[in-house]
Amino acid sequence: MQSSPGGQPPPGFPGGAPRTPGRTVGELGEFGLIRELTSRITPTPAVRIGPGDDAAVVAAPDRRVVASTDLLLEGRHFRRDWSTAYDVGRKAAAQNLADIAAMGAEPTALLLGLVVPAGLPATWPTELMDGLHDECQVAGAAVVGGDVVRGETITVAITALGDLHGREPVTRSGARPGDVVAVTGWLGWSAAGYSVLARGFRSPRAFVEAHRRPEPPYHAGPAAAELGATAMTDVSDGLIADLGHIAEGSKVRIDIRSSALDVPVQMSDIGQAVGIDPLQWVLTGGEDHAIVATFPADAKLPARWRRIGEVLHPSAAPQVTVDGAPWDRAGGWDHFCD
């Protein structure tokens with residue numbers, strides 16, 4: 001973003017400057033919009049040069065940079081009648097920063113690419129930036145730049161960066177037979193919230209908010225790397241689908257014990273109300289961005305991690321099973337399937 005960054009945000013405006021009421025993006029113009037967005041950015045010690053030059057400069061003490069990118073398209077990944085711009089910002093940042101943490105790295109920076117219609121109220125992108133800023137603060141990162149362009153459909157493109165601080169990256173290909181499978185964070189909450197919203201309701205609020213603003217356990221990724229995690233990923237497409245990536249990458253079978261999974265009473269109540277087995281949300285619902293990893297059997301896991309299964313020799317092709325049997329119900333997210 002080609003504009004000088006502002007100072008500390010004024011009181012009462014999370015992450016940035018006061019809003020410009022009543023104006024559209026087109027009325028602000030490209031550089032006016034950039035000024036509004038960059039005024040909401042606060043740096044971290046890792047940011048050597050922020051917005052205002054041809055590119056940002058971010059410290060990389062490890063000399064290796066972990067990078068991830070995602071796109072959010074209105075109507076496909078979010079709906080403005082379900083989520084505020086601030087919600088979308090928090091979610092967009094969270095799903096990318098979680099990828100960094102799932103490699104065992106610490107998030108450092110985030111870049112924004114934004115496509116918006118000219119007639120969009122200017123408060124929408126500025127509130128989006130507030131959400132990005134606040135989620136970055138939770139993860140210890142900062143927004144360091146980006147680009148804006150006019151287009152018919154709101155599109156949010158995020159690139160996140162991270163630093164390993166001397167650790168080896170934890171990939172999907174290191175799981176070995178005999179390892180245990182453990183998870184930290186929520187599972188199925190976002191999917192339950194989506195089911196509530198899809199039926200025109202807005203409560204139970206905790207599950208709706210879990211869909212609007214996931215809360216990845218960022219600290220858990222680097223901590224798992226320190227504890228000797230052999231493979232790791234965040235749960236973005238569903239537990240079975242994402243463990244399937246580990247099974248395929250590691251050429252193993254992973255068996256999940258359904259009795260070890262947490263199904264809150266309120267989630268069961270929602271499932272009964274909408275006619276869905278809540279276990280399906282836990283196993284196949286995505287966008288919670290919990291972190292699941294495999295560890296040596298003798299690893300001592302912190303209290304927030306719970307063991308949910310084990311890594312086995314593959315009986316045939318690598319796969320994920322539940323209580324020893326293939327999961328034969330639909331679920332998991334694929335961007336090219338309806």
Side-chain angles (χ1 to χ4, degrees), residues 1-3 13-41 51-52 54-56 67-99 109-136 143-160 190 193-194 197-200 202 208 211-214 236-237 286-287 289 333-338:
M1 294 179 182
Q2 308 301 309
S3 176
F13 294 90
R19 299 169 186 169
T20 306
R23 302 185 70 182
T24 66
V25 168
E27 289 169 337
L28 275 181
E30 177 184 357
F31 297 106
L33 177 58
I34 288 172
R35 283 192 295 272
E36 287 281 336
L37 297 182
T38 55
S39 71
R40 287 163 154 75
I41 293 173
D54 290 316
S68 178
T69 190
D70 258 318
L71 288 169
L72 284 84
L73 186 68
E74 183 183 9
R76 182 66 173 170
H77 302 104
F78 66 90
R79 287 173 45 168
R80 277 190 276 166
D81 57 331
W82 285 6
S83 300
T84 66
Y86 182 82
D87 292 334
V88 176
R90 294 292 296 256
K91 188 172 188 173
Q95 67 184 44
N96 283 272
L97 297 171
D99 285 335
L110 184 148
L111 295 152
L112 167 67
L114 182 63
V115 180
V116 288
L120 185 72
T123 53
W124 200 94
T126 56
E127 288 171 10
L128 173 85
M129 181 63 85
D130 289 342
L132 292 171
H133 170 274
D134 288 357
E135 192 64 32
C136 279
V143 182
V144 296
D147 191 22
V148 296
V149 67
R150 175 178 174 171
E152 295 307 310
T153 302
I154 298 176
T155 305
V156 182
I158 300 292
T159 297
S190 178
Y194 177 90
L197 287 166
R199 287 160 176 80
R202 296 295 184 269
V208 171
H211 175 71
R212 289 172 171 160
R213 302 181 195 175
S236 55
D237 298 325
E287 294 194 321
H289 302 288
W333 177 254
D334 186 324
H335 288 278
F336 292 93
C337 294
D338 294 325

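If you're wondering where the values come from, they're calculated on a predicted model, not measured in any experiment.
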Quick one: closest heavy-atom pair of [X] and [Y], and the distance?
X    : Y    : result
G131 : R90  : O-CD, 3.1 Å
N96  : T69  : OD1-C, 3.4 Å
P125 : P121 : CD-O, 3.3 Å
P117 : V25  : O-CB, 3.8 Å
G286 : S190 : O-CB, 3.5 Å
A92  : L132 : CB-CD2, 4.2 Å

Original post:
Does the side chain of L73 reach to within under 4.5 Å of the side chain of T153, using non-hydrogen atoms?
Top reply: yes
**OP:** Would you mind reporting whether V144 and L111 have side-chain heavy atoms less than 4.5 Å apart?
**Re:** yes
**OP:** Please name all residues satisfying side-chain hydrogen bond (donor to acceptor under 3.5 Å, both in side chains) with R80, sequence neighbours left out, ordered by chain then number.
**Re:** E74
Subject >> Listed partners of T84 passing side-chain hydrogen bond (donor to acceptor under 3.5 Å, both in side chains), at least two apart >> reply: D87
Report the distance from atom [atom1] of [X] to atom [atom2] of [Y], rounding to the nearest 0.5 Å.
X    : Y    : atom1 : atom2 : answer
Y194 : R212 : OH    : CZ    : 14.0 Å
R35  : T126 : CZ    : OG1   : 14.0 Å
H77  : L71  : NE2   : CG    : 7.5 Å
R23  : L28  : CZ    : CG    : 4.5 Å
L120 : T24  : CG    : OG1   : 8.5 Å
W82  : H211 : CH2   : NE2   : 6.0 Å

Subject >> Note: R213-E135 ion pair, threshold 4.0 Å (strictly below) >> reply: no
Original post:
Which residues pass the salt bridge (charged side-chain N to carboxylate O under 4.0 Å, His left out) test with R79, sequence neighbours left out?
Top reply: D81
Subject >> Intermediate values then yes/no, side-chain contact (heavy atoms from CB on, under 4.5 Å), K91 and E287 >> reply: CA-CA 9 Å; K91 188 172 188 173; E287 294 194 321; 3.1 Å; yes
**OP:** Can you establish whether the number of heavy atoms outside R202 located under 6.0 Å from its atom CZ is more than 12?
**Re:** yes
**OP:** Flag yes if more than 12 heavy atoms outside F78 fall under 6.0 Å of its CZ atom; otherwise flag no.
**Re:** yes
Subject >> Criterion side-chain contact (heavy atoms from CB on, under 4.5 Å) on D70 and D99, from CA distance to verdict >> reply: CA-CA 10 Å; D70 258 318; D99 285 335; 3.8 Å; yes
Original post:
Pick from L128, T155, D147, I158: which one makes a side chain to side chain contact (heavy atoms under 4.5 Å, CB included) with L114?
Top reply: L128
Original post:
What's the verdict on side-chain contact (heavy atoms from CB on, under 4.5 Å) for V148 and V116, showing C-alpha distance, side-chain angles and the deciding distance?
Top reply: CA-CA 8 Å; V148 296; V116 288; 5.8 Å; no
